[in-house]
Amino acid sequence: MDSKRKPKSHPNEDICDMLNELANYENNVKRDVHRSRAYRKAAKTLSDLNYRVKSGEDAIKLPGIGKSIAAKIEEYLNTGEMKKLNAARKDDHFAIINDLTRVSGIGPVFAKELMESGITSIEELKKNIHLLNHHQKIGLKYLNDFEQKIPRSEMEQMEKFIKKVAKEIEKNIIITICGSYRRGLPESGDIDVLITDENSHNYLNLLVEKLTNKGFITDTIAQGDTKFMGVCKLQNFEKHRRIDIRFIPFNDYYCGVLYFTGSQMFNQEMRRHALEQGYTLNEHSLRKLGSTGVPGEPLVVASERDIFEYISFPYKEPSERNW
DNA sequence: ATGTGAG
DNA sequence: ACTCACATA
């Protein structure tokens with residue numbers, strides 16, 4: 001009922017997973033972005049196939065798959081494994097970097113630096129917090145909480161609370177909780193809050209201040225004029241949650257709501273369709289492309305439906321966007 | 001300005 | 001792919 005095209009279960013899924021794992025290895029451990037991209041591209045090609053590749057010879061004809069990746073596919077089809085992947089999985093550096101990057105704010109570059117200075121586990125990291133910046137300290141402090149999913153019932157209470165506080169500021173303030181919550185999923189990874197009002201007045205900082213004073217926002221990771229990133233917790237709840245709040249000018253609001261509601265795959269498909277119809281769609285605006293391919297002025301968008309209508313894309317409820 | 005990281 | 005924020009230079 002809710003989807004046409006899932007990323008899940010295509011005929012070459014096992015091979016794709018292995019190639020993507022190799023891509024991670026090349027990117028995070030070897031820092032070879034080109035090789036990493038090559039693996040990713042090959043995996044993407046395979047994931048779009050509706051039949052199973054039967055041999056390396058078969059695979060090498062496909063775009064993005066050359067001699068070396070074809071050989072690995074051949075090897076896997078014959079032996080059930082790839083030596084290179086086995087080696088990567090045994091590489092301690094891979095495991096260490098994967099562990100350290102669990103901390104929000106630690107990416108592969110800093111993880112590798114830490115490893116090279118002898119910090120090889122989260123435990124070690126806790127003894128060396130002086131090496132971390134503000135974001136990373138918060139990531140470490142709440143590491144366990146941030147790895148827990150948020151039940152829908154808790155999301156509902158947070159939504160109610162945030163909207164109540166917003167209304168105390170200005171009763172016509174517009175708030176939308178996006179992400180997987182808006183798509184109706186039973187759990188979410190974090191809370192993504194969009195805020196605007198009809199006059200595009202920016203209440204972001206005021207809202208953040210209020211939510212902080214009421215004890216809901218407990219930490220700030222980063223705060224600019226249009227985006228807040230931080231941590232929150234409801235009274236009577238145990239876990240701290242990642243929260244993002246962003247102000248979007250009213251004219252851009254529904255493009256933003258669409259974009260931040262996702263899913264990623266759905267967005268891709270929708271943008272692709274927009275292009276087909278001669279439009280370009282991004283998180284800010286929908287614009288018609290001229291004959292030269294130059295985008296015109298942003299179109300007036302007053303709802304998500306408007307966007308679908310402009311590009312003749314059958315309207316999908318958020319719960320139908322779980323692609 | 002540039003690199004890192006998040007989303 | 002693209003945007004934003006931050007840190008460092």
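All chains are named by letter (A, B, ...) in the order of the sequence lines, taking the proteins before the strands, and each is independently numbered beginning at 1.
Here dG5(B) presents its P atom at 18 Å from CZ of Phe146(A), a figure rounded to the nearest Å. Atom C1' of nucleotide dA7(C) and atom CD of Gln223(A) are separated by 17 Å, given to the nearest angstrom. Look at CZ on Phe260(A): it is 16 Å from P on dA6(B), rounded to the nearest Å. In this structure, Leu131(A) places its CG atom 16 Å from C1' of dA7(C), rounding to the nearest Å. Regarding Leu132(A), its CG atom lies at a distance of 18 Å from the P atom of dC6(C), rounded to whole Å. Atoms CE (Met270(A)) and C1' (dA1(C)) sit 17 Å apart, rounded to a whole Å. In this structure, the CG atom of Asn133(A) is 10 Å from the C1' atom of dT4(B), given to the nearest Å. Rounding to whole angstrom units, CE of residue Met229(A) and C1' of dA7(C) are separated by 14 Å.
Using cut-offs of 30° and 60° on the angle between ring planes, the pair Phe308(A) and Tyr315(A) is perpendicular. Classified by interplanar angle (parallel below 30°, tilted 30° to 60°, perpendicular above 60°), the ring pair Phe94(A)/Tyr25(A) is perpendicular. The aromatic rings of Tyr142(A) and Phe146(A) lie tilted to each other, with the angle between the two planes from 30° to 60°. Using bins of under 30°, 30° to 60° and over 60° for the plane-to-plane angle, the ring pair Phe313(A)/Phe266(A) lands in the perpendicular bin.
Counting heavy atoms from C-beta outward, Val193(A) and Ile191(A) have side chains that approach closer than 4.5 Å. The shortest side-chain heavy-atom distance between Ser117(A) and Glu113(A) does not fall under the 4.5 Å cut-off.
At dT3(C), none of the side-chain N or O atoms of Arg246(A) fall inside 4.0 Å of OP1 or OP2 (strictly under the cut-off).
Nucleic acid contact class of His134(A) (heavy atoms, under 4.0 Å, all strands): none. No contact: Gln268(A) has no heavy atom under 4.0 Å from any strand.
Nucleotides of DNA chain C nearest to Arg37(A) and Gly224(A) differ in position, and the one nearer the 5' end is that of Arg37(A).
Across dA5(C), dG7(B), dA6(B), the shortest atom-to-atom separation from the side chain of Asp244(A) is found for dG7(B). Comparing dA6(B), dA5(C), dC2(C) by their closest approach to the side chain of Tyr259(A) singles out dC2(C).
For the residue pair Arg102(A) and Asn144(A), no side-chain donor N or O sits within less than 3.5 Å of a side-chain acceptor on the partner.
Within residues 104-112 of chain A, the residues that place at least one heavy atom under 4.0 Å from DNA chain B are, in residue-number order, Ser104(A), Gly105(A), Ile106(A), Gly107(A), Pro108(A), Val109(A), Phe110(A). Listed in residue order, the members of residues 276-288 of chain A having a heavy atom less than 4.0 Å from DNA chain C are Glu283(A), His284(A).
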Can you check side-chain contact (heavy atoms from CB on, under 4.5 Å) on Lys84(A) and Leu22(A), steps first, answer last? CA-CA 8 Å; Lys84(A) 171 139 176 158; Leu22(A) 283 170; 3.6 Å; yes

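Tyr203(A) and Phe247(A) have their aromatic ring centers separated by at least 6.0 angstrom.
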